[in-house]
Amino acid sequence: MTHHKLYAFLAGAALAALGTAAGAAILDFEALAHDGDGAVFVAGHEEDGFRIASDIDPVLGDMAFGVWGATAAEFNGSTALFNTFVGFGTTLTRLDGGVFTLTSLDVGPLVPDLSGELTFVGTTVAGGTVSRAVAFGPGLAPLTVDFGTAFQDLISVSWAQETENQAHQFDNIRLDETIPIPEPGTVFMLLGGLSALSMLSMRRRSRRVTLGSGPASFLRP
């Protein structure tokens with residue numbers, strides 16, 4: 001690698017280390033859409049780098065979640081996922097185990113004329129928890145729940161339907177993937193290397209000018 005290429009590499013690395021990067025994702029479950037008048041069942045779901053899983057008994061694991069068809073009476077106008085069984089929870093995580101922010105999601109009753117309340121619990125990367133109680137129904141139309149800035153720096157979000165009244169379907173989970181700010185020592189090391197390389201390059205250029213100034217001098221390669 002030439003000095004110019006190395007210089008450019010260190011400059012890019014230093015600039016990248018000075019900031020944070022984030023990517024947004026919306027889990028809309030459209031890959032599970034179907035035209036049936038009933039439900040299709042799945043063991044879990046992965047989309048855009050995230051996983052949705054249930055703590056259901058493995059014997060029933062293949063039917064952990066369901067999706068109403070577009071012609072079903074329970075279809076609320078958008079492809080949504082529901083936890084099939086009462087008494088079990090749903091957990092959302094990143095596939096790579098990374099940190100994320102839950103911005104909002106849509107939630108509504110599993111069937112018309114049902115109303116209930118769910119409690120969403122986020123586990124932070126620091127080991128703490130945050131929670132939010134959400135009421136839904138009785139209308140079948142989903143409610144958009146805005147979590148504001150409370151559900152940041154999470155490694156998981158969980159919620160459970162402990163009673164029949166809590167049976168629900170959820171959709172359009174809006175998330176931000178977070179890349180943490182590097183440790184200060186890493187940034188200073190990169191900047192120090194960049195500075196040292198810059199000084200070395202300047203000295204080499206100065207030396208070439210000096211060697212080439214006399215009539216019997218030869219420029220070094």
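From a predicted model like this one, the values you see are computed outputs, not experimental measurements.
- Linking Ile, Leu, Val, Met, Phe, Trp and Tyr residues whenever their side-chain heavy atoms come within less than 4.5 Å places F88 and L60 in a single cluster.
- Rounded to the nearest 0.5 angstrom, E74 CD and L110 CG are separated by 7.0 Å.
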>> As a quick check of understanding, evaluate side chain to side chain contact (heavy atoms under 4.5 Å, CB included) for L175 and L92, giving each step before the final call.
In response: CA-CA 11 Å; L175 304 146; L92 169 69; 3.7 Å; yes
> Which is it for L154 and V99 under the side chain to side chain contact (heavy atoms under 4.5 Å, CB included) test, yes or no, and what are the steps along the way?
Replying inline: CA-CA 5 Å; L154 305 177; V99 181; 5.7 Å; no
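- Side chain of T119 to main chain of A133: no donor-acceptor pair is present (N/O by atom type, distance under 3.5 Å, no hydrogens or angles).
- Under the 4.5 Å side-chain heavy-atom criterion for grouping Ile, Leu, Val, Met, Phe, Trp and Tyr, L140 is not connected to L118 through any hydrophobic cluster.
- Rounding to the nearest 0.5 Å gives a distance of 7.5 Å between CD of Q169 and CZ of F82.
- With 3.5 Å as the limit, one finds a donor-acceptor pair spanning the side chains of H45 and E47.
- Using a 4.5 Å cut-off on side-chain heavy atoms (C-beta onward), F65 and L32 make no contact.
- The two residues D153 and T101 have their closest heavy-atom pair at N-OG1, 3.9 Å.
- Note that OG1 of T123 is 9.5 Å distant from CZ of F151, once rounded to the nearest 0.5 Å.
- Heavy atoms only, all atoms of each residue included: P138 and P109 are closest at O-CG, 4.1 Å.
- Atom CD of Q166 sits about 11.0 Å away from atom OG of S115, to the nearest 0.5 Å.
- Of all heavy-atom pairs between I56 and F85, the closest is CD1-CD1, 2.8 Å.
- One finds no salt bridge joining D28 and R174 here, because no Lys/Arg side-chain nitrogen approaches an Asp/Glu carboxylate oxygen to under 4.0 Å.
- In this structure a side-chain-to-backbone donor-acceptor pair under 3.5 Å is present from H34 to G69.
- Within the 4.5 Å cutoff, no side-chain heavy atoms of F170 are placed close to those of D106.
- Side-chain contact check for V67 versus T79: some heavy-atom pair is nearer than 4.5 Å.
- Judged by distance alone, with hydrogens and angles left aside, the side-chain atoms of T84 form a donor-acceptor pair with the main-chain N or O of M63 at under 3.5 Å.
- A continuous path of Ile, Leu, Val, Met, Phe, Trp and Tyr side chains, each step under 4.5 Å between heavy atoms, connects F29 with L143, placing both in one hydrophobic cluster.
- Of all heavy-atom pairs between T124 and Q152, the closest is CG2-O, 4.2 Å.
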> Where do F50 and T93 land on the side chain to side chain contact (heavy atoms under 4.5 Å, CB included) test, with the steps shown first?
Replying inline: CA-CA 6 Å; F50 288 85; T93 57; over 6 Å; no
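- With a 6.0 Å cutoff to the six-membered ring centre and a 45° limit on the axis angle, R132 counts as a cation-pi contact of F147.
- By the neighbour-count criterion of 12 heavy atoms within 6.0 Å, atom CG of D96 is densely surrounded, having more than that number from other residues, nucleotides or ligands.
- Here the closest non-hydrogen pair linking F136 and N165 is CZ-O, 3.7 Å.
- In this structure, T71 contributes its side chain and D35 its backbone to a donor-acceptor pair below 3.5 Å.
- Both V130 and F100 belong to a common hydrophobic cluster when Ile, Leu, Val, Met, Phe, Trp and Tyr are linked at side-chain heavy-atom distances under 4.5 angstrom.
- For the atom pair CH2 (W68) and OG (S78), the distance works out to 15.5 Å, reported to the nearest 0.5 Å.
- Put simply, OG1 on T91 and CD1 on I52 are 10.0 Å apart, with the number rounded to the nearest 0.5 Å.
- Side-chain atoms of D176 do not come within 3.5 Å of backbone N or O of A25 as any donor-acceptor pair.
- Nearest approach of R94 to E177, heavy atoms of both residues: NH1-CB, 3.5 Å.
- Aromatic ring pairs are classed by plane angle as parallel below 30°, tilted from 30° to 60° and perpendicular above 60°; the pair F120 and W159 is tilted.
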> Going through the distances and angles, do I173 and L102 end up as a side chain to side chain contact (heavy atoms under 4.5 Å, CB included)?
Replying inline: CA-CA 8 Å; I173 304 177; L102 173 59; 3.7 Å; yes
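- Under the 4.5 Å side-chain contact rule for hydrophobic residues, F75 and L27 do not share a cluster.
- Remark: the S104 side chain and the T144 side chain contain no N/O donor-acceptor pair separated by less than 3.5 Å.
- For E117, the CD atom counts as densely surrounded, since its 6.0 Å shell holds more than 12 non-hydrogen atoms of other residues, nucleotides or ligands.
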